[in-house]
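Below: one structure, written as structure tokens.
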Amino acid sequence: MNAPVVIIGTGLAGYNVAREFRKLDSDTPLLLITADDGRSYSKPMLSTGFGKNKEADALSMAEPGAMAEQLKAQVRTHTRISGIDPGHKRLWIGEEAVVYRDLILAWGAETVRVPVEGDGAELVFPINDLEDYARFRAAAAGKRRVLVLGAGLIGCEFANDLILGGYEVDLVAPCEQVMPTLLHPSAAAAVQAGLQGLGARFHLGPVLNRLQRSADGLEAHLSDGEVIQCDLVVSAIGLRPRIDLAAAAGLQVNRGIMVDRHLKTSHANIYALGDCAEVDGLNLLYVMPLMSCARALAQTLAGNATAVSYGPMPITVKTPVCPLVVSPPPRGSEGVWSVEGEGADIKALCRDASGRLLGYALTGTAVMEKLALNKELPPLLA
Ligand SMILES: Cc1cc2nc3c(=O)[nH]c(=O)nc-3n(C[C@H](O)[C@H](O)[C@H](O)COP(=O)(O)OP(=O)(O)OC[C@H]3O[C@@H](n4cnc5c(N)ncnc54)[C@H](O)[C@@H]3O)c2cc1C
């Protein structure tokens, strides 16, 4: 038998590249390998599950067996690859070697964890996949108060969702505003005010030092001396592309696994896409870029070398209490911000010296202007 195309990861990147490839090539053997249970699900839905009252099972769209059939592929679940041997075009699962024709790394990003002292540390939950979500839901059953660590996009989405699900939420982060790397301060203030209006309590500035069990749940000791009573903690302090196995195999890595516009790593026959990949210098942890990469890579794998390009890729943040769409200015661009609107309805625009739109942040009713503005935005990867 011919060596298969092997895809590591059954997240949106792995399954979508498989699906796109099968549209072009129905014969080449295809093997998907994943460390998790291999169910197909949409990760963005994880931060809407409490508001919609959905268990993990209800967020699963297909079992791995059904995916295998649909994709005419083998799907190996609960299987963690432990190494890559590019010289021999094979990878390792412990002692077992698997040969590949082409290898696609779609193994995602992992949650950043900070050490927390105290006997409550095991009640800190990252939620970065469906199994994490199931674990958190089980732990949260019958509980009332959740501390969210991190005020980035994911922390804010979870804060909104948990409140909709009936929980009290305190949010702790060492930054001055919500979504500091993504958002103009005016829009950040609107989102924060929206969440506060729902009852979220913000503690911006300190970090969590210690988590101590108490008679009534947990005591979270912050670095500024404040003590917050809670029942469990969601950690959303950031994601880091998985690069260790790639680096150990001698592939070039930077923030992510470095690939060119053809999604090719520094080694022949090895490609990467999704959260783990840094595409021509850009590591974007969103679905839209990943879908463009999946389509381009499928063409390349089917023998039609195709470079990926990114148009404008605005991000819709799922904080229903204060709708938000943001398109940060492309890297290296210089612009000046102007802010219109007030309260919940903010339109912040970034333009270059010649008046060309580089980016925006829209909140509240201003999000209705996104379609018109998108037409003016520059592509992220021309
Ligand atoms: C709560 C939340 C909300 C989000 N909301 C949005 C949104 O609204 N819009 C948006 O665009 N993006 C959103 N994102 C980001 C988006 O979900 C991700 O960019 C996308 O799902 C990444 O897909 P992926 O396939 O690259 O990685 P993953 O889904 O993380 O998949 C990685 C896969 O690799 C496997 N794996 C890892 N290591 C190994 C190994 N050694 N061996 C075998 N298998 C391995 C894992 O088991 C998994 O199957 C959100 C993310 C989160 C966490």
Side-chain angles (χ1 to χ4, degrees), residues 6-19 31-51 59 64 67 75-84 91-94 96 98 103-112 125-133 136 148 150 152-162 182 234-246 248-249 256-257 263 272-279 283-294 297 313-320 323-327:
V6 178
I7 300 172
I8 313 302
T10 55
L12 288 169
Y15 274 142
N16 275 298
V17 74
R19 197 174 282 126
L31 167 64
L32 287 91
I33 301 174
T34 178
D36 61 29
D37 61 19
R39 290 193 286 180
S40 168
Y41 73 103
S42 176
K43 190 184 288 200
M45 295 299 109
L46 296 183
S47 47
T48 65
F50 280 89
L59 294 179
M67 293 306 292
V75 181
R76 287 183 63 171
T77 58
H78 298 298
T79 304
R80 185 171 290 280
I81 82 149
S82 49
I84 305 167
L91 56 87
W92 296 103
I93 300 164
E96 178 193 352
V98 175
L103 175 63
I104 293 113
L105 308 178
W107 60 36
E110 60 201 356
T111 41
V112 173
F125 293 83
I127 309 180
N128 187 35
D129 60 37
L130 196 56
E131 292 176 345
D132 287 346
Y133 177 77
F136 177 71
V148 175
L153 179 153
I154 292 174
C156 288
E157 289 191 355
F158 277 125
N160 199 149
D161 192 48
L162 285 163
L182 199 60
V234 170
S235 177
I237 58 174
L239 291 167
R240 191 183 291 134
R242 295 192 174 98
I243 57 172
D244 293 357
L245 288 178
I257 301 166
L263 293 322
L273 80 163
D275 282 5
C276 66
E278 181 175 319
V279 183
N283 171 236
L284 302 174
L285 306 177
Y286 302 105
V287 177
M288 259 172 101
L290 155 177
M291 298 298 266
S292 298
C293 290
L297 180 53
M313 292 188 162
I315 300 152
T316 300
V317 181
K318 302 184 294 299
T319 43
L324 165 65
V325 185
V326 53
S327 187

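Just so you know, ligand 1 is whichever comes first in the structure, and atom 1 is the first atom listed for that ligand. Worth saying up front: this structure is predicted, and the values here are computed from it rather than measured.
Atom OG1 of T79 and atom CG of L32 lie 11.5 Å apart (nearest 0.5 Å). Here D275 contributes atom CG and N283 contributes atom CG; the two are 7.0 Å apart, rounded to the nearest 0.5 Å. Going from atom CD1 of I154 over to atom CG of L46 covers 9.0 Å, rounded to the nearest 0.5 Å. We find the CG-CG distance between L285 and L153 to be 10.0 Å, quoted to the nearest 0.5 Å. Distance check: I127 CD1 to Y133 OH gives 8.0 Å after rounding to the nearest 0.5 Å.
The nearest heavy-atom contact from the protein to atom 15 (C) of ligand 1 is L285 O, 3.3 Å. Ranking the protein heavy atoms by distance from atom 5 (N) of ligand 1 puts K318 NZ, 2.8 Å first. The shortest contact between atom 52 (C) of ligand 1 and any protein heavy atom is with I154 CD1, 3.6 Å. Counting protein heavy atoms only, atom 25 (O) of ligand 1 is closest to A13 N, 2.9 Å. Nearest non-hydrogen protein atom to atom 48 (C) of ligand 1 is D36 OD2, 3.5 Å. Scanning all protein heavy atoms for the shortest distance to atom 4 (C) of ligand 1 gives P44 CA, 3.6 Å. Nearest to atom 28 (P) of ligand 1 among the protein's heavy atoms is K43 NZ, 3.7 Å. The shortest contact between atom 44 (N) of ligand 1 and any protein heavy atom is with A35 N, 3.1 Å.
Ligand 1 has a nitrogen or oxygen under 3.5 angstrom from a nitrogen or oxygen of T10. In terms of N/O distances under 3.5 Å, ligand 1 is approached by D275. Taking only nitrogen or oxygen atoms, main chain and side chain alike, V287 reaches within less than 3.5 Å of ligand 1. Residue Y41 has no N or O atom closer than 3.5 Å to an N or O atom of ligand 1. Ligand 1 has no nitrogen or oxygen under 3.5 angstrom from a nitrogen or oxygen of G274. Residue M288 has no nitrogen or oxygen atom sitting less than 3.5 Å from a nitrogen or oxygen atom of ligand 1, judged on distance alone. For ligand 1, none of its N or O atoms has an N or O atom of L245 under 3.5 Å away.
More than 12 heavy atoms of other residues, nucleotides or ligands lie within 6.0 Å of CZ in R19, so this atom counts as buried by the packing criterion.
P44 is listed as a side-chain neighbour of L12, based on a closest heavy-atom distance under 4.5 Å. Between L130 and D36, every side-chain heavy-atom pair lies at or beyond the 4.5 Å cut-off. Within the 4.5 Å cutoff, the side chain of T111 has no heavy atoms near those of the S235 side chain. No side-chain heavy atom of L245 sits under 4.5 Å from any side-chain heavy atom of I8. In this structure, the side chains of I243 and E278 stay at 4.5 Å or more apart for every pair of heavy atoms. In this structure the side chain of Y15 never reaches within 4.5 angstrom of the side chain of T34, judged on heavy atoms.
Counting heavy atoms closer than 4.0 Å to ligand 1, residue L290 contributes side-chain atoms (C-beta onward) but none from N, CA, C or O. With a 4.0 Å heavy-atom cut-off, ligand 1 is reached by no atom of C276.
Each of the atoms 33 (C), 34 (O), 35 (C), 49 (O) of ligand 1 lies under 4.0 Å from some heavy atom of G9. Close approach of ligand 1 to E157 (heavy-atom distance below 4.0 Å) involves ligand atoms 3 (C), 5 (N). The A106 neighbourhood of ligand 1 comprises atoms 32 (C), 33 (C), 34 (O), with distances under 4.0 Å to a heavy atom of that residue. Those atoms of ligand 1 that come under 4.0 Å of a heavy atom in F158, given as number and element, are 1 (C). Each of the following atoms of ligand 1 lies closer than 4.0 Å to a heavy atom of G11: 25 (O), 29 (O), 31 (O), 49 (O). Proximity to S47 (heavy-atom distance under 4.0 Å) selects the following atoms of ligand 1: 1 (C), 3 (C). Listed by number with element, the atoms of ligand 1 under 4.0 Å from a non-hydrogen atom of L12 are 21 (O), 25 (O). Of all the atoms in ligand 1, the ones that sit under 4.0 Å from a non-hydrogen atom of I8 are 42 (N), 43 (C), 44 (N).
With atom 36 (N) of ligand 1 as the reference point, the heavy atom nearest to it among Y133, Y15, W107 is part of W107. Closest to atom 41 (N) of ligand 1 by heavy atom, among D37, T79, I81, is I81.
Of the possible donor and acceptor atoms, one in the side chain of K43 sits under 3.5 Å from a partner among the backbone N and O of N128. Without hydrogens or angle criteria, D132 side chain to F125 main chain gives no donor-acceptor distance under 3.5 Å.
With sequence neighbours excluded, the residues satisfying salt bridge (charged side-chain N to carboxylate O under 4.0 Å, His left out) with E110 are R242. In this structure, the salt bridge (charged side-chain N to carboxylate O under 4.0 Å, His left out) partners of K318, at least two apart in sequence or on a different chain, are E157.
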